[in-house]
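Sequential numbering from 1 along the given sequence is applied to the chain's residues. For the numbers below, each heavy atom of this structure counts, side chains included, while hydrogens, waters and symmetry mates do not.
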Amino acid sequence: MESKNHVIENLLKELDQSEEQYARNFQSHAETIDQLIVLHAKQLEELREAYVRDKKSLTLEALREEQRILSGAKYNEEHLQTINFQMQEDMKSWISVWKENHTLKSDEVRNNMLSVTDWVQHDSKSKLENLWKEFQDTLQEYINSTEDKRNQYAELKAQDELSSETISKQSKILTYFYELITRLKKQLASLKMLQKQKIDDLKAQHSYYGQYFFSLRNQLVYNKKFDEKQLSFLIVSSNEVIKELELLCEKGERILHLASVCRRMETEREKVLPFVTSPHTSTILSQVEQDHLETAYKEVPKEPLAKEVFNYMKLDNFWRRYNRAYLERAALSLHKETLILENQQLTRALQQYLATMAQGKHHSPLLGTSLSVARPVSTHIIREHINLMPNTGEEKEKCKRQPKVRPVTCIEANTSVAVRHMLRCGAFQT
């Protein structure tokens with residue numbers, strides 16, 4: 001018993017030393033993280049200053065380039081205006097020269113035409129006099145030769161006048177009938193055009209209604225096929241939704257069953273206060289920062305990811321409780337392995353002690369440092385963190401003797417000794 005008490009005292013001392021060493025390591029780790037944050041902030045400030053310098057240089061270069069382009073454009077514009085003025089002057093001189101040449105050529109052509117016209121008039125006058133003489137001679141011979149025929153013509157002319165009167169009367173009658181036939185033909189043509197127009201309108205209406213009927217029938221067939229596709233798609237989608245909802249119902253029932261099982265495993269303290277308490281923000285933040293934080297929690301964010309997180313903020317207590325239970329499981333699992341190892345070592349030490357007593361040796365066996373197995377530090381920290389009930393007198397005295405350790409949050413759970421041990425063993429994969 002004295003050996004066991006001695007071993008227990010050594011183990012308790014080593015436990016206290018391990019806790020102190022863990023606290024120092026954690027404090028140094030936090031200081032290193034703060035230094036890294038300051039270093040990254042300095043690097044970000046240097047990068048921002050370099051960006052501002054590059055921006056200013058690029059802006060100045062762009063302004064210089066713009067001035068150079070504007071000056072070049074102004075020079076090119078003046079050059080083009082000079083070329084345009086020179087071309088206009090050349091065009092005016094060329095037009096004046098062309099007009100002078102045209103005037104000279106037109107005068108020369110007019111003079112030539114006048115001379116030709118005079119020669120043609122003189123020649124035509126002589127020919128015309130000769131022809132007139134020939135015409136007079138021919139006319140005299142014609143009168144002499146046709147005197148008898150002219151007398152006969154006078155008699156025939158009198159008869160013709162009588163016939164013409166008769167013909168005029170008959171022509172008036174024919175004209176009346178001709179006009180009557182013309183009016184009737186016009187009426188017939190107008191009636192034919194009206195009937196043709198009506199027939200064309202009826203044909204157009206027939207073709208239009210036929211095309212409209214075919215289009216309606218095609219639309220009806222298309223709508224029927226589309227409705228069948230939509231109905232089949234709706235049936236498939238509804239079946240998939242029903243299957244998905246059944247899976248969700250099964251998952252919900254399984255979750256409720258697991259919750260009821262886990263509820264039976266909870267202690268009275270966990271049933272009274274199920275969620276882990278955290279230090280109030282008033283001990284960390286100022287009043288202005290607390291007001292800003294409350295305003296930010298009430299406002300709905302605009303970004304899609306932030307809005308999705310805002311919609312699920314009510315699950316924070318659930319995940320906090322889940323992480324606490326998971327971390328407690330990891331710590332208990334590691335503590336179980338440690339106790340098994342300690343039990344094996346104590347069994348071997350007891351066997352060695354009994355063997356030594358059987359040999360008659362009176363000195364106490366040296367247990368050495370083989371039994372100095374460190375208990376998991378995170379177990380004590382987690383139990384102190386989740387202890388929501390008031391401490392008794394002994395627990396208060398023990399807390400006064402032990403150094404104060406900062407509670408392990410859910411975010412820092414991955415860095416604890418128990419969780420790292422479970423990660424090495426692959427317990428999280430199951």
Heavy-atom check, side chain of [X] versus side chain of [Y], under 4.5 Å:
X: Gln86; Y: Thr82; answer: no
X: Lys4; Y: Val7; answer: no
X: Leu350; Y: Leu354; answer: yes
X: Asn343; Y: Ile340; answer: no
X: Ser333; Y: Glu337; answer: yes

Set out, in order, the CA-CA distance, both residues' side-chain angles and the distance that settles side-chain contact (heavy atoms from CB on, under 4.5 Å) for Leu11 and Leu15, then state yes or no.
CA-CA 6 Å; Leu11 291 173; Leu15 179 61; over 6 Å; no
Rounded distance [0.5 Å steps], [atom1] in [X] versus [atom2] in [Y]:
X: Asn76; Y: Ile69; atom1: CG; atom2: CD1; value: 11.5 Å
X: Asp16; Y: Glu19; atom1: CG; atom2: CD; value: 6.0 Å
X: Trp132; Y: Leu128; atom1: CH2; atom2: CG; value: 9.0 Å
X: Glu65; Y: Leu70; atom1: CD; atom2: CG; value: 10.5 Å
X: Cys249; Y: Ile242; atom1: SG; atom2: CD1; value: 11.5 Å
X: His29; Y: Asp34; atom1: NE2; atom2: CG; value: 10.0 Å

So does [X] have more than 12 non-hydrogen atoms from other groups sitting under 6.0 Å from [atom1]?
X: Glu2; atom1: CD; answer: no
X: Gln27; atom1: CD; answer: no
X: Glu228; atom1: CD; answer: yes

Trace of the side chain to side chain donor-acceptor pair (under 3.5 Å) decision for His6 with Asn10:
CA-CA 6 Å; His6 180 69; Asn10 291 331; 3.1 Å; yes
Test your reading of the model: is there a side-chain donor-acceptor pair from [X] to the backbone of [Y], 3.5 Å cut-off?
X: Ser215; Y: Tyr212; answer: yes
X: Asn5; Y: Met1; answer: yes
X: Ser171; Y: Ser168; answer: yes

Verdict with supporting geometry, Asn223 and Gln219, side-chain contact (heavy atoms from CB on, under 4.5 Å):
CA-CA 6 Å; Asn223 290 333; Gln219 185 69 26; 3.3 Å; yes
Between Arg110 and Asp107, does a salt bridge (charged side-chain N to carboxylate O under 4.0 Å, His left out) hold up when you go through it step by step?
CA-CA 5 Å; Arg110 187 171 58 254; Asp107 292 338; 2.6 Å; yes
Under the side-chain contact (heavy atoms from CB on, under 4.5 Å) criterion, do Gln35 and Leu39 qualify, and how do the steps go?
CA-CA 6 Å; Gln35 292 176 1; Leu39 181 60; over 6 Å; no
Could you give all pairs that pass the side chain to side chain donor-acceptor pair (under 3.5 Å) test and reach residues 173-198, with sequence neighbours left out?
none
Validate the cation-pi geometry between Arg329 and Tyr326: distance from NZ or CZ to the six-membered ring centre under 6.0 Å, angle to the ring axis within 45°.
yes
Intermediate values then yes/no, side-chain contact (heavy atoms from CB on, under 4.5 Å), Val236 and Asn239:
CA-CA 5 Å; Val236 173; Asn239 292 330; 5.5 Å; no
Judged by modelled atom types alone, do Asp118 and His122 share a side-chain donor-acceptor pair under 3.5 Å?
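No pair is found: no donor N or O on one side chain lies under 3.5 Å from an acceptor on the other.
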Decide, yes or no, whether a salt bridge links Arg24 with Glu20 under the criterion of side-chain N to carboxylate O below 4.0 Å.
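Between Glu20 and Arg24 there is a salt bridge, with a charged N closer than 4.0 Å to a carboxylate O.
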Side-chain ion pair, Glu45 and Arg48, N-O less than 4.0 Å
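Salt bridge: yes.
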For residues 84-102, which residue pairs pass the salt bridge (charged side-chain N to carboxylate O under 4.0 Å, His left out) check, not counting sequence neighbours?
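Checked against salt bridge (charged side-chain N to carboxylate O under 4.0 Å, His left out) - neighbours excluded - no pair reaches residues 84-102.
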Does anything in residues 234-262 form a salt bridge (charged side-chain N to carboxylate O under 4.0 Å, His left out)? List the pairs, not counting sequence neighbours.
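Salt bridge (charged side-chain N to carboxylate O under 4.0 Å, His left out) check on residues 234-262 returns no pairs.
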Parallel, tilted or perpendicular: which one describes the rings of Trp94 and Trp98, with boundaries at 30° and 60°?
parallel
